[in-house]
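In what follows, a structure is listed as structure tokens, so that the remarks can point back to it.
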Amino acid sequence: MTAAGCRRRLPLPLRWAALLGLVLAARYPVQWLRSGVSSIPIGTTLSAPPVPLVGIEQWAAAGPGATVAYRTPHSRCIVLPDGKVEAQPSNGTLPFLFDTASMPSSKSACGSCNASAHGVQCCGACVFGDRLCSAGHPGRNTSAAAAQLLLQSGVKLQDLTPCELYARIRGRTLWFVGDSHTWGMFTAAECFLREFATSLARRPALPSPADNLALRFLPHISAPACLELLHRTRVCGMRVDTAATLQTKVLPRLMQLVENFTNDILVMNFGVHYSPYSDFKDSPGPIDEIYNRELASLAAWRQQHAPQLPRFVWMETGPQHFSTPQGLYPGPQAPKPYTCRPLEAWYQGDPEVLAGSWRNAAAAPLVPRLADAHLKIFNASVPLWESHMPGECSHWCHPAAYELWVFLLNDALRDSGLGSPVVVQRAAEGATAPPDAAGLADEIDGLLAGRTATAQPAPPLLLFGLSPAVLSRTVAAVLAAVLLLWVGVSNLMDASSQPNHTTDMGAPAAAAVTPAAADMLPWMRQRADHLALNERWGLSEGPARQPSPEVLGHHIPRILHHIYLPNLTAFLQTAADAKSTTQEEWAKTCAQMHAWAGWEHFLWDEQAATRLVSKFYPGYLPMWRSVQSAVQRADMLKYFLMHAIGGMYMDLDAECWRPVDPTLRGADIVLQGTGGGVTNGQFAGIPGHPLWQAAIDVVHTGWKKNPNQQGNSLAGPPRMHQAFRSLGPQERKGQADPWAGVYQLNGTVRVHPVRSWFLVCHYNEPQCFKEVSLKRAVGLMPITNAAGIHRYSASWISGGNRDGLHSEQALLAAACPKPKPS
């Protein structure tokens with residue numbers, strides 16, 4: 001065995017002990033090792049002395065610093081004076097989030113309400129009326145079925161108590177600001193926390209009635225309202241449908257009028273009202289561009305005013321279950337009542353739907369600048385398609401998805417370090433220990449079947465004060481830790497003994513920064529042309545803070561490459577020529593849109609290209625120097641760039657409609673299919689992948705055979721397809737695009753089919769370009785299968801290709817002429 005393949009062996013007794021630890025860990029999951037959970041396992045006794053338990057009136061009178069504890073009457077959790085929380089076994093079959101039996105009556109919730117209290121919908125805490133699942137779906141036990149489905153899926157609804165969420169936000173206001181779904185989550189949160197309110201009547205969010213009414217943007221919706229909890233804690237809801245309204249009308253007023261606003265937490269979402277059927281009179285353009293533009297503007301504004309703002313949580317837009325391919329709202333003309341269906345595209349693995357459909361895919365790259373935490377609700381809510389309000393497939397009844405979102409919000413706050421840290425202590429294990437998720441699901445299954453469980457398990461025997469389950473978990477954790485520590489030390493010692501080297505071929509380490517990137521990109525950032533173009537196009541300087549690959553769903557470097565030879569000056573001069581087929585605006589849309597999403601942009605010219613080839617590909621320098629055609633040199637440079645640095649390459653005549661991140665999910669290489677192969681006008685990928693080396697080799701071999709090749713025969717699309725074929729993919733005959741699909745070729749390679757991604761129209765289809773431009777201009781173009789359009793202006797040939805040049809502004813003016821003055 002070679003030294004590189006050796007591992008220092010754990011002594012045999014410890015190896016068997018570690019293996020036993022892993023077996024026990026698999027049999028009895030070590031729940032308290034869950035990432036980010038401040039929880040003490042069942043059966044553990046805290047050393048703190050007992051404190052008196054009091055009711056809500058005494059606890060309220062005692063104040064935050066008192067040495068008494070409050071036990072909630074229904075959820076039976078305890079808030080201890082040292083900030084810890086004790087979770088007691090549940091009284092009912094349903095988790096407290098879904099327990100409608102303990103909810104207050106309308107009389108007790110609304111008895112002290114004044115119907116005309118400054119526009120505030122006073123009566124509301126737990127008063128769901130026809131929004132209750134039992135009212136909308138009589139006889140179906142919809143809420144119980146939803147809870148059972150979630151529990152069987154591993155969502156531990158029973159683990160969250162109101163005490164934990166209250167302790168996390170104690171002394172703050174938890175704001176829910178957004179559209180109707182955000183308001184639905186507000187109503188679920190205030191109902192969940194009801195045991196910490198001495199009155200269930202809502203109050204205005206702002207002290208002045210006039211100020212509060214000024215933030216009421218829809219006459220049929222309540223003005224901003226709060227449920228006031230104990231110890232200067234509130235849960236507030238405010239209906240705001242657009243990001244622009246939040247930025248220009250809401251946050252500036254809250255910054256001025258809310259005391260200790262910077263101490264608060266604000267959950268926000270704007271999604272469903274950005275639709276092709278919405279009316280944005282003051283913000284023209286396709287709806288996805290409006291959405292990107294307004295979110296980017298809000299993100300920039302937030303960064304500018306961060307010291308005056310609370311901590312933000314961005315909530316995903318929830319799924320819809322209409323009878324459309326991606327479940328999206330079909331428009332007001334669709335037949336009613338709507339029929340809700342499972343989201344088939346999600347179950348079939350559609351990458352865009354898995355990314356949360358187009359709205360969440362567009363927002364995800366902006367989240368690091370928009371918020372301090374990302375509340376992911378889309379995928380968790382997809383299975384709840386039967387829990388919508390009757391007759392529609394967007395809003396949910398209670399309790400169902402909105403209550404699930406409250407559960408996920410607590411996780412997001414905890415994992416992001418927002419609010420106060422909370423230590424959760426489980427009650428001592430015994431005959432009344434809280435059931436696990438599977439047991440609780442079984443109990444609910446009995447409820448749904450009209451039966452109840454009668455037998456209770458006997459109290460387990462204790463060993464050293466611990467139950468067998470707890471003891472086994474402890475042993476498993478210790479032994480598994482021994483094994484993991486040994487493996488980690490061994491790997492570290494092995495790694496230190498290996499030489500530092502890189503390989504040119506094979507599956508690359510996607511997350512690593514390549515030597516070429518480490519050298520070239522800082523040099524590029526300092527160049528005068530780069531700085532001038534950034535200023536001209538309004539791009540930020542340097543790389544932005546990046547979301548994690550888990551958020552993005554891919555490891556491809558977020559670097560957008562454009563190429564124009566010889567230099568930027570020539571590009572701008574050509575674009576300014578009225579007779580030219582080159583238009584600066586197209587490349588600018590891609591650079592700006594991706595910069596908003598956190599990408600970095602580079603325009604490569606002759607000097608930069610020669611520096612890259614000379615320093616990192618000297619063996620190909622004779623070929624580079626001998627080829628004189630600018631287009632052939634640009635084609636060669638594409639492959640060098642992708643192999644050396646990776647990222648996304650786009651031709652300058654490609655126009656972007658949204659950031660490409662959702663289209664890259666789960667892939668190491670992303671290519672554009674043409675119906676007969678793959679092209680090189682756009683592609684993306686990790687550096688060092690064998691495909692890029694294959695493309696370089698194909699071009700080099702062809703050049704050595706015939707250095708005088710013309711047009712794209714040397715390095716253009718035919719050579720790209722040849723390199724792709726060399727990796728061994730099989731043509732999928734019978735498909736509309738026989739090379740489209742996902743391949744495992746030294747990593748995951750995705751080929752987007754023709755009529756999607758950027759190849760919406762072929763270069764010789766002028767009518768297609770006209771139709772697309774007109775539809776985009778009036779906001780009608782489908783946006784679910786394309787990230788943009790390759791205009792194929794062919795600025796590199798004499799006269800260009802004007803079939804792709806159709807101006808949306810001119811077409812819109814022709815289609816919607818202004819009325820002549822009378």
Side-chain angles (χ1 to χ4, degrees), residues 243-244 247 268-271 274 285-304 312 314-317 351-352 354-374 376 378 521 533-534 537-562 585-603 645-650 654-667 670 682-686 757-758 783-784 786-789:
Q247 176 186 331
M268 61 178 175
N269 170 265
F270 317 95
Y274 288 88
I287 196 63
D288 54 326
E289 290 184 9
I290 295 173
Y291 192 56
N292 272 292
R293 185 166 61 243
E294 293 196 358
L295 289 186
S297 176
L298 176 59
W301 187 91
R302 174 187 176 252
Q303 289 185 314
Q304 181 182 356
F312 283 7
W314 174 261
M315 182 176 74
E316 288 184 334
T317 300
E352 180 161 337
L354 290 175
S357 198
W358 74 268
R359 296 180 183 91
N360 291 323
L366 291 167
V367 169
R369 292 190 294 146
L370 267 175
D372 304 284
H374 193 177
K376 298 181 180 181
F378 183 92
L521 299 188
L533 188 61
N534 278 359
W537 285 357
L539 309 181
S540 60
E541 300 295 340
R545 173 190 171 195
Q546 296 298 310
S548 68
E550 291 72 26
V551 169
L552 294 170
H554 68 82
H555 291 266
I556 295 172
R558 303 179 83 225
I559 302 170
L560 176 60
H561 303 283
H562 280 131
E585 191 64 27
W586 295 336
K588 181 180 176 181
T589 66
C590 293
Q592 287 183 335
M593 190 169 294
H594 286 82
W596 292 340
W599 288 60
E600 192 171 11
H601 171 262
F602 294 101
L603 178 68
I645 298 173
M648 174 83 195
Y649 168 78
M650 294 184 189
E655 177 186 2
C656 292
W657 296 342
R658 58 182 175 139
V660 297
D661 285 293
T663 67
L664 310 182
R665 290 180 67 89
V670 181
Q682 299 84 27
F683 42 52
I686 57 177
W757 210 33
F758 285 90
I783 52 180
T784 56
I789 185 170

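- Rounding to the nearest 0.5 Å gives a distance of 9.0 Å between CG of Asp661 and CD1 of Ile556.
- Nearest heavy atoms, Ala787 versus Val660: CB-CG1, 4.2 Å.
- Applying the side-chain hydrogen bond (donor to acceptor under 3.5 Å, both in side chains) rule to Glu316 yields no partners; only residues at least two apart in sequence or on another chain are considered.
- Annotation: side chain to side chain contact (heavy atoms under 4.5 Å, CB included) contacts of Ala597 (sequence neighbours excluded): Pro365, Arg558, Trp599, Pro659.
- In this structure, the side chain to side chain contact (heavy atoms under 4.5 Å, CB included) partners of Ile290, at least two apart in sequence or on a different chain, are Tyr274, Phe280, Ser283, Ile287, Arg293, Glu294.
- The line from CG of Leu370 to CG of Leu298 is 5.5 Å long, rounded to the nearest 0.5 Å.
- The shortest side-chain heavy-atom distance between Asp372 and Arg302 falls under the 4.5 Å cut-off.
- Partners of Glu585 by side chain to side chain contact (heavy atoms under 4.5 Å, CB included), not counting sequence neighbours, listed by chain and number: Lys588, Thr589.
- Nearest heavy-atom pair across Ala786 and Arg658 is O-NE, 3.1 Å.
- Residues that satisfy the ring pair (Phe, Tyr, Trp, His ring centres under 6.0 Å) test with Tyr649, not counting sequence neighbours, are Phe683.
- Proximity of Ile645 to Phe602: side-chain heavy atoms (C-beta onward) are nowhere separated by under 4.5 Å.
- Residues passing the ring pair (Phe, Tyr, Trp, His ring centres under 6.0 Å) test with Phe758: none are found, sequence neighbours excluded.
- Between the CG atom of Asn292 and the NE2 atom of His594 there is a distance of 9.0 Å, given to the nearest 0.5 Å.
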Requested in this report: Would you check, one step at a time, whether the test side chain to side chain contact (heavy atoms under 4.5 Å, CB included) holds for Ile789 with Trp657?
Outcome: CA-CA 8 Å; Ile789 185 170; Trp657 296 342; 3.8 Å; yes

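- Annotation: ring pair (Phe, Tyr, Trp, His ring centres under 6.0 Å) contacts of His601 (sequence neighbours excluded): Trp537, His562.
- Closest heavy-atom contact between Ala361 and Pro662: CB-CG, 2.7 Å.
- Shown here for Gln247 and Ser297, the closest heavy-atom pair between the two residues is OE1-OG, 3.0 Å.
- Under the side-chain hydrogen bond (donor to acceptor under 3.5 Å, both in side chains) criterion, Trp314 pairs with no residue at all, not counting sequence neighbours.
- Between the side chain of His374 and the main chain of Pro368, no donor-acceptor pair closer than 3.5 Å is present.
- Phe378 pairs by the ring pair (Phe, Tyr, Trp, His ring centres under 6.0 Å) definition with nothing, not counting sequence neighbours.
- The heavy-atom pair separating Ala684 from Met648 by the smallest distance is CB-SD, 3.4 Å.
- Not one N or O on the side chain of Asn534 forms a donor-acceptor pair closer than 3.5 Å with the backbone of Leu539.
- The shortest non-hydrogen separation linking Gly666 to His554 is N-CB, 4.4 Å.
- Atoms CG and CE, on Asp288 and Met593 in that order, are 7.0 Å from each other to the nearest 0.5 Å.
- Looking at residues two or more places apart in sequence or on another chain, you find no side-chain hydrogen bond (donor to acceptor under 3.5 Å, both in side chains) involving Asn360.
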